[in-house]
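Basis for what follows: all heavy atoms, side chains included, without hydrogens, waters or symmetry-related copies. Nothing fancy with the numbering, it's 1 onward along the sequence. Keep in mind that this is a model prediction, so the values were computed, not measured.
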Amino acid sequence: MKPKGLFYTFGFLSAAVFSCAVLTVGMRPNTASAIEIPKEVTEEGKNVYKKYCAPCHGEEGGGDGPLSRSMLPKPRNFTLGAYKFRTTPSGSLPTDEDIYKTISYGVPNSTMIPWDILTEAQRASVVPVLKSFSEAFEYREPEPSVDVGLPLRPTERTILAGKKIYEEKLECWKCHGVEGRGDGPSASEQEDDFGFPIKPFDFTTGKFKGGNSPTDVYLRFTTGLNGTPMPSFAKELSDDERWYLTHYVMSLVQPEECGK
């Protein structure tokens, strides 16, 4: 498949990819660093969790709420302390800001909606509740967030280099498909660490689960997704190579898929 060419102009996303980003996440909410997250579980946090989170994630955070039976992928089991979307290295606990971001943005292409109907304070109050379900937070601290550094500017060369990594070095097509539609020959065989079926991501939708910016996508290749077959490529690929791969998979976005 031929890359669609430059998808940046003077540092900005192309109209097609930018439109997908807007449709997916809308306006970016304030980050956790801009608000106060309680250090301990509060009554407000417990009440918010019970009303809005427990129906899917369960009263004790085990991912076994009454609505979970009909969901794939299954709601996160917070008791294990394994979080997919983080700025921290593979295997690390997430930062409070990572958890707050997922609560706020949701997870596109899943049943996890953006909880922007809640106030910032309500969303922040849930963070210590989720952490309280796992003993991991009692004995370990999150590792420092990955230093993203200065992002590489996409060019035809970097996109083509990413295509070669996707097709030859990592053989991403085996799971994600030749055109990035999540329909590779091994797609139906994938399971998460808990034995539940999990579908490889469809890059063409433009609705990247951990965030739509190039930095968000680069972080997924750097940190991996704890609890899933998606590993970290921090050792297999150099920083530049992870940017090349980011540029390529973002070039696979199909404008007609946006909004579906």
With sequence neighbours left out, what residues match Glu43 under side chain to side chain donor-acceptor pair (under 3.5 Å)?
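Partners of Glu43 by the side chain to side chain donor-acceptor pair (under 3.5 Å) criterion, ordered by chain and then number, come out as Lys46.
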Check: [Y] main-chain N/O paired with [X] side-chain donor or acceptor under 3.5 Å:
X: Arg123; Y: Leu118; value: yes
X: Thr88; Y: Leu93; value: yes
X: Asp192; Y: Gly227; value: no
X: Arg153; Y: Pro151; value: no
X: Ser92; Y: Glu143; value: yes
X: Thr102; Y: Asp98; value: yes
X: Thr158; Y: Pro154; value: no

Suppose the criterion is ring-ring contact (aromatic ring centres under 6.0 Å, His included): which pairs have a residue in residues 142-187, not counting sequence neighbours?
Tyr166-Tyr248, His176-Phe203
Which ring-ring contact (aromatic ring centres under 6.0 Å, His included) pairs, counting each pair once, include a residue from residues 40-73, with sequence neighbours left out?
Tyr49-Phe133, Tyr52-Trp115, His57-Phe78
Glu40, CD: over 12 other non-hydrogen atoms inside 6.0 angstrom
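Not buried by this count: 12 neighbours or fewer within 6.0 Å.
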What do you reckon, is CD of Glu60 surrounded by more than 12 foreign heavy atoms closer than 6.0 Å?
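For Glu60, atom CD is not crowded (no more than 12 foreign heavy atoms under 6.0 Å).
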Determine whether Lys169 and Leu237 make a side-chain contact, defined as any pair of heavy atoms from C-beta on separated by less than 4.5 Å.
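They are in side-chain contact.
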